[in-house]
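Below: one structure in structure tokens.
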Protein chains: 2
Amino acid sequence: MTPSWQTAGTDLCSIRNLLRMLRTQSTEHTPEELAQFINEHVHQQNILTQIIGLSEVQYHGRAASTADQGSYLTIIKPDGSIQIHKSKGVKPMNWQPKTNEIYARVENGECVLTALRHRPEELVRITFLETVIAQAFILAEEGGFILQGSESEMQEVLAHHPEIIEPGLIVLERELMVSSGGIDLYARDSTGRYVVVELKRARATQSAVSQLARYVRSIQLALPAGSEVRGILAAPDITKPALLELQARKLEFKEIKALPSIKKDVSPTLFE
Amino acid sequence: MTPSWQTAGTDLCSIRNLLRMLRTQSTEHTPEELAQFINEHVHQQNILTQIIGLSEVQYHGRAASTADQGSYLTIIKPDGSIQIHKSKGVKPMNWQPKTNEIYARVENGECVLTALRHRPEELVRITFLETVIAQAFILAEEGGFILQGSESEMQEVLAHHPEIIEPGLIVLERELMVSSGGIDLYARDSTGRYVVVELKRARATQSAVSQLARYVRSIQLALPAGSEVRGILAAPDITKPALLELQARKLEFKEIKALPSIKKDVSPTLFE
DNA sequence: GAATAAATGTCGTAA
DNA sequence: TTACGACGTTTATTC
């Protein structure tokens, strides 16, 4: 039996281009051929496999879900992660971050891809009813990836410029570990009171408030009885319930709109 | 300048297959053509676009990130969401959940895809250094998707209608494997000579010519000495250098403008 | 491995 | 549209 996929010609690549199409499967194939194609490519180093077509997806694990017949894009990455995309959204319809086992086989005349994961025990099953195309690519060479602007960077900036939060504030510790977790900034205000600062890069929610409250209590327990400890939640925004709870707990909110950048922008002119 | 891709025919594969590939672009294209390809497909109703190749990605918005040159898979969904995948993890390396604006243009000789989002103000910029493949799919309302218009379909049609290439041509084999790769169509002409047909969905380039030449040589070696083997490059268009090389190698070019659709049972109202 | 918190979280829904 | 909470959250880090 001749498989209906072909090895791509070598003329597809150039010296700089290390990503190459490895193999392609046409629309013409039997379930057996598709299963063979998948099994030959999945879990191999650097090979990303893609199947597009009418499929059915089942998930069983932390939850359970079934996707009826639909046209989905299935991507299997070299690390064994799998994701099934529909036409909308960044998030896949179904996925499996890491799999212990991936295999395809023919069941009842159709190619079924099974992705298993232990701990937690999860299962994704994709039945390919009508495959439109199956492709495998080599994804070689990965460039460096640099992310900036996370909460840690916010902490970095505010640690050096605590006056943004409040004039006279002096930072004593960053990432101070207490029983309930790590305090972003531990400081002292101009009147000598201890201050616990909780940073949020996004809009602060109730969970941030209770987090701050836990830290404040931890500090109060560590200090001599009667010591006054302030709690400041610093974020660009706060939700209404969070603000109410904050006030009820006698904690404070400090709006952080913009931060002086400590690193060069990617391309500052883009937004001018 | 003729774009190197083709609009797919109106024929449908099956009633169950709702998504189909609309257009395909091969590996050969200029940055201008790639930009045009993207602009024609992106943000259109029901069209999912994919670009695979050596790229560079920048993000600026809630945070900022830069990804150096690497082989990435870019997916643009019909809802305007965009995601750039590397070889690991379910999560994309860069993404944009929903965009207000997506456009591609040539900057400094390279195709740059810009995805803008307001509220929050965010920007993703992808520079395609070397594209391996660009694909576009139609997605129907019901979420099915099926592909059409690929080279495989072209092969399908021409295998059944070899007279389009040349009257009296008889197809002996499809996807005939030889040492140098897979021959799209292996046939015999009206005078009994063997014919190797290489198909290109897009404008044929020199690499297609050398590919065809390799196949012809492989067949010549396999046949008794002195056997005459013709090589035909069938494509909608051919570049000037490719045509010159073709003539120098005594190979032939056959322009394929339109293909008769393969009629299959389907309700034409789906795509109006 | 369990627990904890960050994330460019994403996504859906009610006001 | 905006606010708000849920998510198979995922992912990274710490204990």
Side-chain angles (χ1 to χ4, degrees), chain A residues 57-67 77 79 81-86 88-99 115-125 145-156 175-184 198-212 214-215 218 233 235-245 265-266, chain B residues 57-67 77 79-86 88-100 115-125:
Chain A
V57 188
Q58 290 178 307
Y59 164 76
H60 213 87
R62 283 168 286 179
S65 74
T66 315
K77 290 192 179 183
D79 64 346
S81 67
I82 182 170
Q83 47 195 305
I84 301 112
H85 284 270
K86 57 181 181 185
K88 279 177 191 165
V90 165
K91 202 176 161 186
M93 178 184 67
N94 285 93
W95 69 92
Q96 198 86 270
K98 210 185 167 191
T99 48
L116 275 168
R117 183 191 188 186
H118 319 305
R119 218 165 22 259
E121 191 71 39
E122 288 179 301
L123 168 103
V124 170
R125 262 172 61 97
F145 183 78
I146 300 164
L147 175 72
Q148 43 188 297
S150 58
E151 185 171 306
S152 63
E153 193 166 88
M154 185 178 175
Q155 187 192 109
E156 168 93 28
E175 292 288 351
L176 175 64
M177 292 309 292
V178 292
S179 60
S180 47
I183 293 174
D184 289 331
E198 173 66 20
L199 304 177
K200 286 292 164 207
R201 245 189 47 68
R203 173 186 294 171
T205 59
Q206 289 189 60
S207 70
V209 176
S210 45
Q211 199 177 325
L212 176 61
R214 274 203 308 278
Y215 294 158
S218 291
L233 182 55
D237 194 9
I238 187 167
T239 67
K240 197 68 178 285
L243 184 60
L244 290 173
E245 189 177 339
D265 281 345
V266 174
Chain B
V57 188
Q58 291 178 307
Y59 163 75
H60 202 94
R62 286 168 288 179
S65 73
T66 314
K77 290 192 180 182
D79 63 346
S81 65
I82 183 171
Q83 45 195 309
I84 302 107
H85 284 270
K86 57 180 182 183
K88 279 174 190 164
V90 166
K91 197 178 162 184
M93 180 184 65
N94 283 91
W95 70 92
Q96 196 90 264
K98 208 186 171 186
T99 49
N100 299 94
L116 276 169
R117 184 192 188 191
H118 315 126
R119 220 161 24 257
E121 190 71 37
E122 288 181 300
L123 168 109
V124 169
R125 263 171 60 97

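Chain naming here is simple, since letters A, B, ... match the order of the sequence lines and numbering starts at 1 in each.
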### Message
So, using side chain to side chain donor-acceptor pair (under 3.5 Å) as the criterion, who are the partners of A:R117 when residues are at least two apart?
### Response
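Counting only residues at least two positions away or on another chain, A:R117 forms a side chain to side chain donor-acceptor pair (under 3.5 Å) with A:E122.
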### Query
Can you check the A:R117 CZ to D:dT11 C1' distance for me, whole Å?
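So the two atoms are 11 Å apart, to the nearest Å.
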### Query
Separation of A:R201 atom CZ from D:dA12 atom C1', in whole Å?
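That distance rounds to 16 Å.
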### Task
Select base, sugar-phosphate, or nothing to describe what A:G89 touches, counting heavy atoms under 4.0 Å on all strands.
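Here A:G89 touches the backbone only, sparing every base.
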### Message
Counting the atoms with a prime plus P, OP1 and OP2 as sugar-phosphate, which does A:Q155 contact under 4.0 Å by heavy atoms, base, sugar-phosphate, or nothing?
### Response
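Counting heavy atoms under 4.0 Å across all strands, no contact is made by A:Q155.
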### Task
With the side chain counted from C-beta on, respond yes when A:E175 and A:Q155 share a heavy-atom pair under 4.5 Å apart, and no when they do not.
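Heavy-atom side-chain distance check passes, below 4.5 Å.
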### Query
A:E153 versus A:R201: any side-chain heavy-atom pair under 4.5 Å?
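No, their side chains stay 4.5 Å or more apart.
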### Message
Using a 4.0 Å heavy-atom cut-off, does A:Q96 contact any base of the nucleic acid, only the sugar-phosphate backbone, or nothing at all?
### Response
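The residue A:Q96 makes base contact.
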### Task
Using atom CD of A:Q206 as one end and atom P of D:dC4 as the other, report the distance to the nearest whole Å.
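Answer to the nearest Å: 9 Å.
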### Distance, C1' atom - from C:dC11 to C:dA7, rounded to whole angstrom
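It works out to 14 Å between them.
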### Query
Could you give the CD-to-P distance, from A:E245 to D:dG5, as a whole number of Å?
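So the two atoms are 10 Å apart, to the nearest Å.
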### Message
Using the side-chain contact (heavy atoms from CB on, under 4.5 Å) criterion, which residues pair with A:Q206? Sequence neighbours excluded.
### Response
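Counting only residues at least two positions away or on another chain, A:Q206 forms a side-chain contact (heavy atoms from CB on, under 4.5 Å) with A:P241, A:A242, A:E245.
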### Query
Would one find a side-chain N or O of A:W95 under 4.0 angstrom from OP1 or OP2 of D:dT10?
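Looking at the OP1 and OP2 atoms of D:dT10, one of them is under 4.0 Å from a side-chain N or O of A:W95.
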### Task
Please answer whether the main-chain N or O of A:K86 pairs with a side-chain N or O of B:K77 as donor and acceptor at a distance below 3.5 Å.
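The answer is yes, because a donor-acceptor pair under 3.5 Å joins these two groups.
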### Query
Can you tell me how far P of D:dC7 sits from CZ of A:R62, to the nearest Å?
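Value for this atom pair: 12 Å.
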### Task
Please state how far atom CZ in B:R119 lies from atom C1' in D:dT2, giving the value in whole angstrom units.
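Roughly 10 Å, once rounded to whole Å.
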### Query
Mind checking whether A:V57 and A:Y59 have side chains closer than 4.5 Å, heavy atoms only?
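In short, these two side chains do not touch, never coming nearer than 4.5 Å.
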### Query
For A:N94, what residues pass the side chain to side chain donor-acceptor pair (under 3.5 Å) criterion, not counting sequence neighbours?
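Partners of A:N94 under the side chain to side chain donor-acceptor pair (under 3.5 Å) test: A:S65.
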### Message
Using atom P in both nucleotides, what's the gap between D:dC4 and D:dG8 to the nearest angstrom?
### Response
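Roughly 22 Å separates the two P atoms.
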### Query
Excluding sequence neighbours, so at least two apart, what forms side-chain contact (heavy atoms from CB on, under 4.5 Å) with A:T205?
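A:T205 satisfies side-chain contact (heavy atoms from CB on, under 4.5 Å) with A:S207, A:T239 only.
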### Query
A:T205 near the nucleic acid: base, sugar-phosphate alone, or nothing, with a heavy-atom cut-off under 4.0 Å?
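Nothing: the residue A:T205, judged by heavy atoms under 4.0 Å, touches no strand.
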#### Entry: C1' gap between D:dC7 and C:dA6, integer Å
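One C1' to the other, the span is 15 Å.
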#### Entry: A:R203 or B:K91, whichever maps to the more 5' nucleotide of DNA chain D
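It is A:R203 whose nearest nucleotide is closer to the 5' end.
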### Message
Can you work out whether A:L199 or A:P92 has the more 5'-proximal nearest nucleotide on DNA chain C?
### Response
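The residue closer to the strand's 5' end, by nearest nucleotide, is A:L199.
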### Message
What's A:E122 touching, base or sugar-phosphate or nothing? Going by heavy atoms closer than 4.0 Å.
### Response
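Since a base atom lies under 4.0 Å of A:E122, the category is base.
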### Message
Need to verify one output field. Residue with the more 5' nearest nucleotide on DNA chain D, A:M93 or A:K98?
### Response
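Nearest nucleotide further toward 5': that of A:M93.
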#### Entry: Range on DNA chain C touched by chain A, heavy atoms, distance below 4.0 Å
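For DNA chain C, the relevant span reads C:dG1 to C:dC11.
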### Query
For DNA chain C, which ranges pair as stems of 3 or more consecutive Watson-Crick or G-U pairs, with both donor-acceptor distances under 3.5 Å?
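Stems (3+ consecutive pairs) listed as C:1-7 with D:9-15, C:9-15 with D:1-7.
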### Message
What is the separation between atom NE2 on B:H118 and atom P on D:dT1, rounded to the nearest whole Å?
### Response
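Going from B:H118 (NE2) to D:dT1 (P), I get 13 Å.
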### Polar side-chain atom of A:E198 near backbone of A:L212 as donor-acceptor pair, under 3.5 Å
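No.
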### Query
In whole Å, what is the span from the CG atom of A:L147 to the P atom of D:dT11?
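A:L147 atom CG is separated from D:dT11 atom P by 15 Å.
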### Message
What I want to check is whether the side chains of B:H85 and B:Q83 have a donor and an acceptor closer together than 3.5 Å.
### Response
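Looking only at side-chain atoms, B:Q83 and B:H85 do form a donor-acceptor pair, the distance falling under 3.5 Å.
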### Query
Contact class for A:P241 (heavy atom, under 4.0 Å): base, sugar-phosphate, or nothing?
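The residue A:P241 makes sugar-phosphate contact but no base contact.
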#### Entry: Value rounded to 0.5 Å, distance of CD1 in B:I84 from CH2 in B:W95
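Between B:I84 CD1 and B:W95 CH2, I get 10.0 Å after rounding to 0.5 Å.
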